[in-house]
Amino acid sequence: MNASLPTRSTQMVSEREQLYADMSPHHLTPLWEVLHALVPPAPQTPCVAGHWRYADVRPFLMRAGAAITAQEAVRRVLILENPALRGQSAITQSLYAGLQLILPGEVAPSHRHTQSALRFIVEGSGAYTAVDGERTTMHPGDFIITPSWTWHDHGSEAAEPVVWLDGLDIPMLRFFDAGFAQNDTRGDSQAVQRAEGESFARYGHNMAPVRKTAPFGATSPIFSYPYARTREALHALERDTAPDAHDGFKLRYVNPLTGGWPMPTLGTFMQRLPTGFSGLPYRQTDGCVFSVVEGQGQLHVQAPGATQETTYDFGSQDHLVVPSWHRTRLSSASGAVLFSFSDRPVHEALGIHQEERLSA
Ligand code: GTQ
């Protein structure tokens with residue numbers, strides 16, 4: 001009996017190989033060969049952690065400024081590519097990030113697309129972005145939204161270069177094959193139709209119009225969440241309360257009409273790491289992009305299955321990415337402020353968001 005088993009199994013293997021070969025031209029393939037990889041016991045991202053020091057990136061941005069105009073480039077952006085996803089214009093499987101430069105007097109022409117964009121201002125003041133006829137002036141640390149399918153152009157009447165982080169859901173819309181885009185045939189800069197600050201007056205003071213419904217559907221009616229306000233909130237919390245053991249003082253941005261996320265696909269956060277902070281580790285299913293606003297510190301990341309963590313020493317204006325389910329902890333001797341964004345709203349909408357707050 002036993003002696004016949006190897007023969008039989010060899011026979012089955014060759015029968016299988018023949019089956020695979022015969023059905024392949026019919027675009028059929030066996031699940032059992034890939035099942036484990038398709039439904040892994042825990043997320044197995046192809047992404048890796050990454051760190052872009054501003055001192056390294058800035059000279060390339062300025063060279064791009066000399067090499068091409070904003071007008072010609074349409075958007076003069078250096079894409080932050082995940083080191084393990086080169087050529088895919090993606091910082092995680094679902095997120096796009098880039099650094100955009102506008103020089104004094106330039107215009108990035110008006111267009112619209114179904115991809116949602118956030119702008120997080122990294123350097124310089126006085127550039128503007130216009131959304132549906134309302135301009136918003138940029139200052140470092142401001143979080144600005146371009147809702148899906150709204151006309152937008154960027155320009156600068158500043159005396160200095162202005163650089164901001166673009167965060168978009170480009171890979172997500174590519175995954176769903178749901179992207180549409182149009183150039184504005186009315187001209188490069190849209191006509192100003194509303195006073196700057198109108199949206200903020202209507203929606204940005206813990207009040208809302210009595211009857212008006214959401215002007216941008218699932219996206220916040222506030223275009224700009226100014227850093228001055230965010231900073232004030234974090235400072236008051238630092239003065240009067242104890243930090244969270246994992247996050248320091250961390251708040252999420254909200255859509256004032258719903259209390260939910262300001263954007264349907266991108267969740268945004270700001271956190272203050274107090275002086276001497278050594279955070280406990282955590283991991284979460286949403287891969288996350290950080291933009292360092294102020295101060296210095298360390299991001300310690302450990303990939304699933306790895307035995308050691310990698311430490312990134314970050315300073316102000318640096319950018320970092322932490323992929324899904326990587327053990328993460330933050331520390332800072334002298335204090336720091338970090339902006340971050342992820343695809344958490346999508347995870348939550350689908351009921352698949354997971355977070356573990358680890359003890360050491
Ligand atoms: O500003 O509209 O970084 O459409 C990538 C695509 C910026 C923009 C990007 C875009 C934009």
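Here the structure is a predicted model, which means the values were calculated and not measured. When a ligand or atom number is given, it counts from 1 through the structure's own listing order.
Ring geometry for Phe339 versus Phe120: interplanar angle under 30°, hence parallel rather than tilted (30 to 60°).
When each atom of ligand 1 is checked for a heavy atom of His111 under 4.0 Å away, the hits are 2 (O), 4 (O), 8 (C). Near Gln100, the atoms of ligand 1 lying under 4.0 angstrom from a non-hydrogen atom of the residue are 1 (O), 7 (C). Residue-ligand proximity, His154 to ligand 1, at heavy-atom distances under 4.0 Å covers atoms 1 (O), 8 (C). Close contacts of ligand 1 with Val77, meaning ligand atoms under 4.0 Å from a residue heavy atom, involve 3 (O). For ligand 1, the atoms closer than 4.0 angstrom to any heavy atom of His113 are 2 (O), 4 (O), 10 (C).
Between the side chains of Asp166 and Gln100, at least one donor N or O lies within less than 3.5 Å of an accepting N or O. In the model, Ser291 has a side-chain atom that pairs as donor or acceptor with a side-chain atom of His319 under 3.5 Å.
For atom 11 (C) of ligand 1, the closest non-hydrogen atom on the protein side is Arg75 CG, 3.7 Å. The protein non-hydrogen atom at the shortest distance from atom 5 (C) of ligand 1 is Tyr96 OH, 3.5 Å. Closest protein heavy atom to atom 7 (C) of ligand 1: Asp166 OD2, 3.3 Å. The protein atom (non-hydrogen) at minimum distance from atom 6 (C) of ligand 1 is Leu168 CD2, 4.0 Å.
Residue contacts with ligand 1, taken as heavy atom pairs separated by less than 4.0 Å, do not involve Arg112 at all. Residue contacts with ligand 1, taken as heavy atom pairs separated by less than 4.0 Å, do not involve Gln115 at all.
For the pairing with His300, the side chain to side chain donor-acceptor pair (under 3.5 Å) check across Thr328, Thr311, Thr310 returns one residue only, Thr311. A side chain to side chain donor-acceptor pair (under 3.5 Å) with Arg119 is found for one member of Asp142, Thr136, Thr129, Thr146 and no other, namely Thr146. Partner Thr219 forms a side chain to side chain contact (heavy atoms under 4.5 Å, CB included) with one of Thr150, Asn255, Ile145 and no other, that one being Ile145.
Between Arg135 and Glu196 there is no salt bridge, since no side-chain nitrogen of the basic residue lies less than 4.0 Å from a carboxylate oxygen of the acidic one. The pair Glu33-Arg16 fails the salt-bridge criterion, with no side-chain N (NZ, NE, NH1 or NH2) lying under 4.0 Å from an Asp/Glu carboxylate O.
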